**Student:** 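Dropping the structure in here first, questions after.
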Amino acid sequence: MLDEQQNIITISAFTATGELDRLENALNEGLDSGLTINEIKEIFAHLYAYVGFPRSLNAQNLFMKVVENRKKTGKEDIEGKKASPKPEGYDSIEYGKKIRAKLAGSKEDYTGAPYQVFSPVIDEYLLGHLFGDIFVRDVLDHKTRELVTISALASLTGTQGQLNFHFKASMNTGLTKEQLKDFIKVIDTKVDSKQAKLSSETLEKVLN
């Protein structure tokens, strides 16, 4: 994997786990590798849907300090592109259905799953806000958003079911099998070997 991708993995992982000391190093390495300020801010915005506002806001507050400290030492980091306006006639639910279908590798979005029937409002939030309002922002492409997602899920416990779906989704957005195997290596060497083992087992099930 490219250095930028490896740094996306560690930034996402340590945001998810709340390990701010390790996150600070990852943020500096990410900026040094060429990630823009807005790309990193978008990682935090994306991850709040997976790990909650407390972890994302803690990461954002730390990042503000990192950027300011780098300015004081004369480092000029690239701000990067901002999100484009939403498409004309944008409907968050309809857009969300298209994105979830794409991630699932289907022509149409799925309906009638037990969780959707049991709690329709959860599915409404998933479609309208996560797959709609968040995925429509083009600061990060969908492949990168999936890399962010699997990095967080692979670092947490009890999320193997979601990781299973998002390993498939990451391939449906352009990540290759070889890149996913490299992803496991990064989790193993830079994040947590125990979590890497669990994630590797999940990936093998997906690939088989």
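None of the values given here were measured: they were computed from a predicted structure.
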**Student:** Strictly distance-based, threshold 3.5 Å: is any side-chain N or O of Y50 a donor or acceptor partner for the main-chain N or O of I150?
**Tutor:** no
**Student:** Please name all residues satisfying side-chain contact (heavy atoms from CB on, under 4.5 Å) with R22, sequence neighbours left out, ordered by chain then number.
**Tutor:** F14, E19
**Student:** Applying salt bridge (Lys or Arg N to Asp or Glu O under 4.0 Å) as the test, list every pair that has at least one member in residues 142-156; sequence neighbours left out.
**Tutor:** E42-R145
**Student:** Can a donor-acceptor pair be found, under 3.5 Å and without considering hydrogens, that links the side chain of N172 to the backbone of L103?
**Tutor:** yes
**Student:** Check the pair L27 / K65 against side chain to side chain contact (heavy atoms under 4.5 Å, CB included), numbers first and verdict last.
**Tutor:** CA-CA 11 Å; L27 290 170; K65 295 177 183 178; over 6 Å; no
**Student:** Keeping S151 on the side-chain end and L147 on the backbone end, is there a donor-acceptor pair under 3.5 Å?
**Tutor:** yes
**Student:** Taking only residues two or more places apart in sequence, or in another chain, which ones meet P54 in a side-chain contact (heavy atoms from CB on, under 4.5 Å)?
**Tutor:** none
**Student:** What residues join M64 in its hydrophobic cluster, counting side-chain heavy atom gaps under 4.5 Å, either direct or through other members?
**Tutor:** none
**Student:** Using side-chain contact (heavy atoms from CB on, under 4.5 Å) as the criterion, list what pairs up with K71, not counting sequence neighbours.
**Tutor:** V67, E68
**Student:** Tell me the salt bridge (Lys or Arg N to Asp or Glu O under 4.0 Å) pairs involving residues 117-126, sequence neighbours left out?
**Tutor:** R100-D123
**Student:** Among residues at least two apart in sequence or on other chains, which ones pass salt bridge (Lys or Arg N to Asp or Glu O under 4.0 Å) with R70?
**Tutor:** D32, D77
**Student:** Under the side chain to side chain contact (heavy atoms under 4.5 Å, CB included) criterion, do Y115 and L126 qualify, and how do the steps go?
**Tutor:** CA-CA 12 Å; Y115 82 89; L126 281 170; 3.9 Å; yes
**Student:** Could you work out, with salt bridge (Lys or Arg N to Asp or Glu O under 4.0 Å) as the rule, every residue matching K81, not counting sequence neighbours?
**Tutor:** D138
**Student:** Please give me the minimum heavy-atom distance between I43 and S12, naming the atom from each residue.
**Tutor:** CG2-OG, 3.6 Å
**Student:** Is a side-chain donor or acceptor of T159 paired with a backbone partner of L153 at a separation under 3.5 angstrom?
**Tutor:** yes
**Student:** Please state whether the rings of Y95 and H142 are parallel, tilted or perpendicular, taking 30° and 60° as the class boundaries.
**Tutor:** perpendicular
**Student:** Rounded to the nearest 0.5 Å, what separates atom CE in M171 from atom CG in L203?
**Tutor:** 7.0 Å
**Student:** Can you list every side chain to side chain donor-acceptor pair (under 3.5 Å) pair that touches residues 199-208, not counting sequence neighbours?
**Tutor:** Q160-T202, K197-E201
**Student:** Could you check if a side-chain atom of I11 sits within less than 4.5 angstrom of a side-chain atom of F44, using non-hydrogen atoms only?
**Tutor:** yes
**Student:** Test D109 against K98 for side chain to side chain contact (heavy atoms under 4.5 Å, CB included), laying out the working first.
**Tutor:** CA-CA 7 Å; D109 186 45; K98 292 179 182 178; over 6 Å; no
**Student:** Using residues 179-189 as the side-chain source, report each donor-acceptor pair under 3.5 Å to any protein atom, sequence neighbours left out, with the distance given to one decimal.
**Tutor:**
unit_1, atom_1, unit_2, atom_2, d
Q179, OE1, T176, N, 3.0
Q179, OE1, T176, OG1, 3.4
T189, OG1, K185, O, 2.9

**Student:** Where is the tightest heavy-atom contact between A104 and F165, given as atom of each residue plus distance?
**Tutor:** CB-CE1, 4.0 Å
**Student:** Are any non-hydrogen side-chain atoms of T157 and K194 less than 4.5 angstrom apart?
**Tutor:** no
**Student:** Donor-acceptor pair, distance only, cut-off 3.5 Å: does the side chain of Q195 make one with the backbone of L156?
**Tutor:** yes
**Student:** Taking side-chain contact (heavy atoms from CB on, under 4.5 Å) as the definition, give me every residue that meets it alongside K41, ordered by chain and number, with sequence neighbours left out.
**Tutor:** I37, N38, Q60, F63
**Student:** Does any pair with a residue in residues 85-97 pass salt bridge (Lys or Arg N to Asp or Glu O under 4.0 Å), and if so which ones, sequence neighbours excluded?
**Tutor:** K86-D133, E94-K97
